[in-house]
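To start, the structure under review is shown below, and the notes come after it.
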Amino acid sequence: MQDLSFRWPHQRFDTPLGPVSVRVHTGENVYGLDPDRLNTVRQGDTTTVVADGLVWAGGQQRGSGRVTVEFVEQESGVRVRVRAEHLDGIRCVAVVLHDQPTGDVTGLREGDLPVPGTGRVVQYPNGWFDLATPLLGLRRPDGAITVARSLDTQVRAKRFAVVPHFDAPELCEFELIADADASRPSAVFEVPEWDLRRVGDLGQVLAEHTEHVRQAYDLPSWEQRADVPDWLRQTSLVLSLNGMHFTGRVFLDYDGMLDTIRRLSEQIDPQRILAYLPGWEGRYYRWYGKFGTDERLGGPDGFRRLIEGAHSLGARIMPMFGANVAARDLPGFEHWAAPGQLLNASGHMPIGSVDWDASRHFDHSWGSLVNPAYEPWRRHLAEQIVRLYQEFGFDAAFLDISAMYNNDPRGSTTAGLRALVELIRQDSPELLIAGEAWFDGIGGIIPLVQDGHRDTVPTHHDQPDQALFTGTNRSFGHVCLGDPAFGSTGVHEAGYNRHWRLPVREGVIPTLTVVDGTLDAAPERVALVVQDAHEYAAKFLH
């Protein structure tokens, strides 16, 4: 974690949890409140501070700007409201709780994490790990937890930073940073309210936050979701049937996928099976943006045999599509994708790619992230999915990287995802839409999602708050889950993963990764996953 190389004497304000200060960040600089131009008024439990000027250069220079901070004392803490104004435009605002005992952070999907001497930054929204909702706890030596949660009602980036003091690392600053929406630049930012409190455990605050999120995003209950087909409510096993790797190496062709379903149908009712197909379209990811069957895997006839054969058994089929990635060298890219390429809040394109071919590491640069808020891309993708659905009759469409969030000045990635799903369902209302990873703001958009992972270790969205996720959604194993025979992640770039089995919980559907040879090389381990599927059905399905 990077930091300033000097101590800034920010004006501090006393609260029941400790002293608090405020920083204002524009695209040009960072500012504090001018201590000589403050007006403070206390009325009952509310203290209002108005700064009619700001300081910069670490407090050495004075400048224009205005900040209003309101502190409302609560039974176990304080609520903080900030309104910041600056002519350069507000990028983000930090509320800093000072001089806290340094401890583990808690409230994450991956469990408690230690804070190293260099500090830790935890981000929201993150669909894979860290925070699925903007709430984080900081453990204290006495066992209590200092909790900070944002009461935002729209998806906007938050960063929680725990920064130990360099000369006294047993103490830290707890920074709460809220980003303004880059698609609506403004000289004024009304920061969503922060709720800060000290509790003995997270139970009550999680329950309150879940209720807030359900209202903010109008989340439906799982039982009443209209976008969940009846067959999914009876699904207890997801088969991740890997097709073709980026390098062209084939794990399973379409006939091999069907044979896998048939063999497993001898161990479990095939009506309980959903077959997920990563790499079904040929070289994994290479031609994202143009989807269709691959001749080496069996062509249209083989794909049709797979779907018809699965349906004759009672199983369901879910091919994988890229929600926001396209190959730059596809014909027409300059029209239906290029103008909608993803931007950071700065207006520049994010860069980087995964290591597709073990070159350790070479960025091929043929793939580009595209914001689904861009209508031509959305329509280009939706029309392909609907056409293939009408031609082949599969049961679900999986949208890769659907949980991607970026504060793109061209438009909300979350609103773009919603528009994409609605467009697909216009002409295919019976088609289940699934996606990769999850955070609270997309809970009502996509009912079925993959688990997350942190460095290939599975993370589950029903943690730490089962009610928030399981009340609305279900998950299955990420594509990086290893197969039980070899640990192979198939088409996924992780290569190998020792994790091949998931816990049996209502929100987590058992998942079996299959590559060539899996069933024959590890029948005992395969049977354990099938056993999990039987247990899941007995406990949670009717």
Side-chain angles (χ1 to χ4, degrees), residues 1-2 109-110 113 116 118-123 126-130 240-252 276-290 294 296-297 320-330 333 337 341-344 348-370 398 400-406 436-437 450-459 477-500 511 513-518 521:
M1 183 175 69
Q2 295 156 346
R109 276 168 285 198
E110 55 266 56
L113 291 177
T118 51
R120 181 178 289 279
V121 179
V122 181
Q123 309 224 24
N126 187 325
W128 290 261
F129 55 91
D130 277 2
S240 183
L241 303 178
N242 286 264
M244 188 185 295
H245 191 271
F246 165 80
T247 62
R249 202 275 197 191
V250 174
F251 295 99
L252 298 169
Y276 158 60
L277 314 183
W280 69 278
E281 78 284 13
R283 292 180 63 190
Y284 184 60
Y285 259 77
R286 179 59 185 93
W287 301 112
Y288 262 26
K290 180 183 179 182
D294 182 84
R296 288 185 60 208
L297 296 178
M320 179 175 180
F321 300 88
N324 40 42
V325 177
R328 299 172 190 267
D329 48 351
L330 285 173
F333 177 89
Q341 289 179 95
L342 194 71
L343 297 180
N344 289 327
H348 293 86
M349 290 183 188
I351 58 174
S353 74
V354 304
D355 187 357
W356 294 113
D357 58 2
S359 53
R360 327 273 196 222
H361 176 284
F362 174 79
D363 186 349
H364 295 267
S365 296
W366 43 257
S368 180
L369 289 167
V370 187
F398 178 88
D400 191 27
I401 327 182
S402 55
M404 177 194 74
Y405 170 84
N406 214 58
E436 182 185 8
Q450 278 185 342
D451 282 335
H453 69 96
R454 190 182 191 108
D455 297 329
T456 73
V457 178
T459 59
H478 192 269
V479 68
C480 76
L481 200 66
D483 93 294
F486 315 107
S488 171
T489 60
V491 300
H492 188 269
E493 64 274 9
Y496 288 88
N497 188 354
R498 297 184 187 280
H499 299 274
W500 54 271
T511 303
T513 296
V514 181
V515 297
D516 48 331
T518 298

| request: Determine whether the side chains of Tyr288 and Asp400 contain a donor N or O and an acceptor N or O closer than 3.5 Å. | output: yes

| query | With sequence neighbours left out, which residue pairs that include part of residues 279-288 fulfil the salt bridge (charged side-chain N to carboxylate O under 4.0 Å, His left out) condition? | reply | Arg286-Asp329

| Would you call the rings of Trp280 and Phe321 parallel, tilted or perpendicular if under 30° counts as parallel and over 60° as perpendicular? | perpendicular

| request: Apply the test side-chain contact (heavy atoms from CB on, under 4.5 Å) to residues Phe333 and Gln341: give CA-CA distance (whole Å), side-chain angles for both, the deciding distance (0.1 Å), then the verdict. | output: CA-CA 10 Å; Phe333 177 89; Gln341 289 179 95; 3.9 Å; yes

| said: In the structure I gave you, are the side-chain heavy atoms of Ser240 and Leu481 within less than 4.5 Å of one another anywhere? | reply: no

| message | As an exercise, state the distance from CZ of Phe129 to CZ of Arg109, rounded to the nearest 0.5 Å. | response | 9.0 Å

| request: Report the relative orientation of the aromatic rings in Trp356 and Tyr285; use parallel for angles under 30°, tilted for 30 to 60°, perpendicular for over 60°. | output: tilted

| field | Min side-chain heavy-atom separation Arg249-Asp516 under 4.5 Å | value | yes

| field | Test item: Val370 and Val325 side chains (from C-beta on) under 4.5 Å apart, heavy atoms | value | no

| query | Have Glu110 and Thr459 got a donor and an acceptor in their side chains that come within less than 3.5 Å? | reply | no

| Are any of the side-chain heavy atoms of Val479 and Tyr276 separated by less than 4.5 Å? | yes

| note | Distance col, row Trp366:CH2 vs Arg328:CZ, nearest 0.5 angstrom, shows 10.5 Å

| Got Cys480 and His499 here, is their nearest side-chain heavy-atom distance under 4.5 Å? | no

| field | Pair Asp130 + Arg454, salt bridge at N-O below 4.0 Å | value | yes

| query | Any side-chain heavy atom of Val250 within less than 4.5 Å of one from His245? | reply | no

| Does the side chain of Leu252 come within less than 4.5 Å of Asn242's, by heavy atoms? | no

| message | Assess, by modelled atom type and distance only, whether the side chains of Thr518 and Asp483 contain a donor and an acceptor separated by less than 3.5 Å. | response | yes

| said: Could you walk me through whether Asp363 and Ser353 satisfy the side chain to side chain donor-acceptor pair (under 3.5 Å) test, starting with their C-alpha distance in whole Å, then the side-chain angles of each, then the deciding distance to 0.1 Å, before giving a yes or no? | reply: CA-CA 6 Å; Asp363 186 349; Ser353 74; 3.2 Å; yes

| Can you say whether the rings of His492 and His453 are parallel (under 30°), tilted (30 to 60°) or perpendicular (over 60°)? | perpendicular

| request: Look up atom CD1 in Ile401 and atom CD in Gln450, then write down how far apart they are to the nearest 0.5 Å. | output: 10.5 Å

| query | Less than 4.5 Å apart, any side-chain heavy atom of Met244 and any of Leu297? | reply | yes

